[in-house]
Amino acid sequence: MTQKPYVIDQMISAKSIAARIEDLAAEIATEYAGTDKLVVVGLLRGSFVFIADLVRELDLPVEVDFLEASSYGDGMESSREVRILKDLRGQIEGRDVLVVEDIVDTGHTLHQVIDMLQTRKPARLKSIALLDKPTRREVDMKATWTGFEIPDEFVVGYGIDYAQRNRNLPYIGKVRFT
Ligand code: IMP
Ligand code: MG
């Protein structure tokens, strides 16, 4: 694919991300204190770095599973549907489930994933997003926990890609075309 040239300006440092995850993990550990049935579900691929850091800060018995969903349009943003490309390996009925997402943008992905998982009758179904772009929202959706609210900028790094590149950056940066 031909790519327009761009540079990446740092928006959130690796240090700030680490500090925020420590705080979030403490809140999550309080919420789930005493449970031994927590399944942390990472949405592939964007959440892979976040979930790795988050679970290592969680002082709880956890299982980790992954789900890959892909949104596709029919030309009308508001009727976007989400396809499951890779389903969970495990059962979640009666379990506490924490869905981990990289970014909530229009909200369609997380909204539809939550709706779909709800039909499997988990005990408690909650979600966490590293980033949230509230000004882009098309459906009423907010993750239970959010790392950072950001403006409407295209971001990369810390697992998040632009055309599959830049997932390996240790910080969150915004893409600026040059
Ligand atoms: P939503 O369904 O519009 O909320 O889309 C969320 C998904 O869009 C995220 O999981 C990302 O994969 C992708 N996305 C949204 N904003 C960005 C961005 O700034 N950079 C890279 N991917 C993004
Ligand atoms: Mg995603």
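Ligands are counted one by one from 1 in listed order, and the atoms in each one are counted from 1 as well.
For the ligand labelled ligand 1, residue Glu153 lies inside the 4.0 Å heavy-atom shell. Distances from ligand 1 to the non-hydrogen atoms of Gly107 include at least one value under 4.0 Å.
Within a 6.0 Å sphere centred on NZ of Lys86, other residues, nucleotides and ligands contribute more than 12 heavy atoms. Counting heavy-atom neighbours within 6.0 Å of Asp140 CG, excluding the residue itself, gives a total of 12 or less. Within 6.0 Å of the CG atom in Asp9, the count of heavy atoms belonging to other residues, nucleotides or ligands exceeds 12. Glu27 CD: more than 12 foreign heavy atoms inside a 6.0 Å radius. Within a 6.0 Å radius of CZ in Arg120, other residues, nucleotides and ligands contribute more than 12 heavy atoms.
For ligand 1, the atoms closer than 4.0 angstrom to any heavy atom of Asp102 are 9 (C), 10 (O), 11 (C), 12 (O). Counting atoms of ligand 1 from 1 in the listed order, those under 4.0 Å from a heavy atom of Asp161 are 21 (C). Close approach to Lys133 involves these atoms of ligand 1, each under 4.0 Å from a residue heavy atom: 16 (N), 17 (C), 18 (C), 19 (O). Remark: ligand 1 atoms within the under-4.0 Å shell around heavy atoms of Thr109 are 1 (P), 2 (O), 5 (O), 6 (C). Per-residue contacts place Ile160 under 4.0 angstrom from the following atoms of ligand 1 (heavy atoms of the residue considered): 20 (N), 21 (C), 22 (N). The distance from ligand 1 to the heavy atoms of His108 drops below 4.0 Å at these ligand atoms: 2 (O), 4 (O).
In plain terms, the two heavy atoms of Leu98 and Trp145 that are nearest each other are CD1-CZ3, 3.7 Å. Residue Lys133 comes nearest to Ile103 through the heavy atom pair CE-CG2, 4.3 Å, listed as atom of the first residue, atom of the second, then distance.
The side-chain hydrogen bond (donor to acceptor under 3.5 Å, both in side chains) check on Lys142 picks up Asp132, Glu149, with sequence neighbours excluded.
In terms of polar-atom proximity, Val156 is not counted as a contact of ligand 1, lacking any N or O under 3.5 Å from an N or O of the ligand.
When Ile103, Val113, Asp152, Leu44 are checked for heavy-atom proximity to atom 7 (C) of ligand 1, Ile103 turns out nearest.
At a 4.0 Å heavy-atom cut-off, ligand 1 touches Thr106 through backbone and side chain alike. In Glu101, the part holding a heavy atom less than 4.0 Å from any atom of ligand 1 is the side chain.
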